Amino acid sequence: MRSVTYSMSVSLDGYIVGPDGGFNWSVPDEEVFRLATDEVRQLGVHLLGRRLYETMLYWETADEDPAMDFSTREFATIWKSLPKVVFSTTLPAVQGNARLASGGLAEEIERLRAEPGEGDIAIGGATLAAEAAAAGLIDEYRARVYPVLVGGGIPFFPRHERRVDLELVETRAFGSGVAYLRHRVAR
């Protein structure tokens, strides 16, 4: 069965976006960017909320810029070809290799898990991930923890979630001070 993963950059105090709505503190260096590219390469589909979808639209054409370095162009190419499902009640249409979700999150995940196919099912965006976590649908949490305290904003983990026991699967420390933590939900 395909695993559902939630992977984002997060401040040490637990936020994916600061109180001002910014996340410029999470710009990856080459080493962390390679990790993110490798994660996306292992995906079969990515589920996104509207805000993350709109942020990631940049990557739909980034590979066309001849000034881009190889690793950036490589990520853009992988992202562009990756199937995406967008959850939005306000968008009338989506671009690229994306479609609007036709059902609820749990129904979409159940359908995707039942389909033949390779690669994980990734969830992006705090609101969508919180819904998946509350329903017990996330199999792995992957956090790229940045050495910064932003003091508030949108949390990586929902504050109302029930207790979930996790097993540490992998850790990595990067020269930039970023720590990668990968935990599997203990079932």
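Not measured: the values here are computed from a predicted model. All heavy atoms count here, side chains included; hydrogens, waters and symmetry mates do not.
- Atom CD of E118 has 12 or fewer heavy atoms from other residues, nucleotides or ligands within 6.0 Å.
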Next item on the list: Check the pair S102, E108 against side chain to side chain contact (heavy atoms under 4.5 Å, CB included), reporting the backbone distance first and the verdict last.
Entry: CA-CA 8 Å; S102 57; E108 283 287 346; 3.3 Å; yes
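- The residues K84 and E60 are annotated as salt-bridged, a charged nitrogen and a carboxylate oxygen being separated by less than 4.0 angstrom.
- For T89, the side chain to side chain contact (heavy atoms under 4.5 Å, CB included) criterion is met by no residue, not counting sequence neighbours.
- For the salt bridge (Lys or Arg N to Asp or Glu O under 4.0 Å) test, no residue two or more places apart in sequence or in another chain qualifies with D69.
- S7 pairs in a side-chain hydrogen bond (donor to acceptor under 3.5 Å, both in side chains) with only one of the listed residues (R142, H46, R144), which is R144.
- Side-chain contact between L128 and L47 is present, with at least one heavy-atom pair separated by less than 4.5 Å.
- Between Y141 and F157, the gap from one ring centroid to the other is short of 6.0 Å.
- Although no hydrogens or angles enter the test, the distance criterion places a donor-acceptor pair under 3.5 Å between the side chain of N97 and the main chain of S81.
- Taken to the nearest 0.5 Å, the CG atom of D139 stands 15.0 Å off from the NE2 atom of H183.
- Shown here are the ring pair (Phe, Tyr, Trp, His ring centres under 6.0 Å) partners of Y6, two or more places apart in sequence or in another chain: F156.
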Check: For F23 and I16, what are the C-alpha separation, side-chain angles and deciding distance, and is it a side chain to side chain contact (heavy atoms under 4.5 Å, CB included)?
Finding: CA-CA 7 Å; F23 52 93; I16 61 170; over 6 Å; no
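- Counting only N and O atoms by type, the side chains of E31 and S176 include no donor and acceptor under 3.5 Å apart.
- Here the straight-line distance linking atom CD of E30 with atom CG of L35 works out to 12.0 Å at 0.5 Å rounding.
- Remark: L43 CG to T5 OG1 distance equals 5.5 Å, nearest 0.5 Å.
- Tested against T77, the residues D63, L82, T72 include a single side-chain contact (heavy atoms from CB on, under 4.5 Å) partner, D63.
- Looking at residues two or more places apart in sequence or on another chain, you find a side chain to side chain contact (heavy atoms under 4.5 Å, CB included) between A132 and L105, I123, L137, I138.
- With hydrogens and angles disregarded, a donor-acceptor distance shorter than 3.5 Å links the side chain of D13 to the backbone of G151.
- Taking the charged nitrogens against the carboxylate oxygens, D65 and R73 have no contact shorter than 4.0 Å, which rules out a salt bridge.
- The backbone N or O of S26 lies less than 3.5 Å from a partner atom in the side chain of Y146, making a donor-acceptor pair.
- Rounding to the nearest 0.5 angstrom, the gap separating the CZ atom in R113 from the OG atom in S3 is 7.0 Å.
- Looking at heavy atoms from C-beta onward, V85 lies in side-chain contact with V45 at the 4.5 angstrom threshold.
- If you take CD1 on I154 and OG1 on T127, they are separated by 6.5 Å, rounding to the nearest 0.5 Å.
- Scored by the salt bridge (Lys or Arg N to Asp or Glu O under 4.0 Å) test, R184 finds E140 as partners (sequence neighbours excluded).
- With rounding to the nearest 0.5 angstrom, the CG atom of L48 is 9.5 Å from the CZ atom of F87.
- Residues Y180 and T171 fail the side-chain proximity criterion, which asks for heavy atoms closer than 4.5 Å.
- Membership of an apolar cluster is not assigned to V169, as no side-chain contact below 4.5 Å to another ILVMFWY residue is traced.
- Linking ILVMFWY residues whenever their side-chain heavy atoms come closer than 4.5 Å, directly or via other members, leaves I121 and V40 in distinct clusters.
- Residues P147 and L12 have side chains not in contact (no heavy-atom distance under 4.5 Å, counting atoms from C-beta outward).
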Next item on the list: Starting from the C-alpha separation in whole Å, work towards a yes-or-no answer on side chain to side chain contact (heavy atoms under 4.5 Å, CB included) for V10 and Y15.
Entry: CA-CA 5 Å; V10 59; Y15 298 95; 5.6 Å; no
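- Looking only at distances, a side-chain donor or acceptor of R2 sits under 3.5 Å from a matching main-chain atom of L112.
- Salt bridge absent: E39 and R41 never bring a charged side-chain N and a carboxylate O closer than 4.0 Å.
- Contact annotation: the side chain of W59 never approaches that of K80 to less than 4.5 Å [non-hydrogen atoms, C-beta and beyond].
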Notebook entry, point to check: Does the side chain to side chain contact (heavy atoms under 4.5 Å, CB included) test come out yes or no for V150 and W25, once each step is laid out?
Noted result: CA-CA 9 Å; V150 298; W25 48 267; 3.6 Å; yes
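- The cluster map of Ile, Leu, Val, Met, Phe, Trp and Tyr, joined by side-chain heavy atoms under 4.5 Å apart, puts M8 and L57 in different clusters.
- By the criterion of side-chain heavy atoms lying less than 4.5 angstrom apart, applied directly or through intervening Ile, Leu, Val, Met, Phe, Trp or Tyr residues, V86 is grouped together with Y58 in one hydrophobic cluster.
- The nearest pair of heavy atoms linking L100 to S88 is CD2-CB, 4.4 Å.
- A distance-only check finds no donor-acceptor pair linking the side chain of E54 to the backbone of R51 [under 3.5 Å].
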Note to self: Let's go through F33 and F75 carefully: what are the C-alpha distance in whole Å and the side-chain angles of both, what is the deciding distance for ring pair (Phe, Tyr, Trp, His ring centres under 6.0 Å) to 0.1 Å, and is it a yes or a no?
What the structure shows: CA-CA 9 Å; F33 191 68; F75 179 87; 5.4 Å; yes
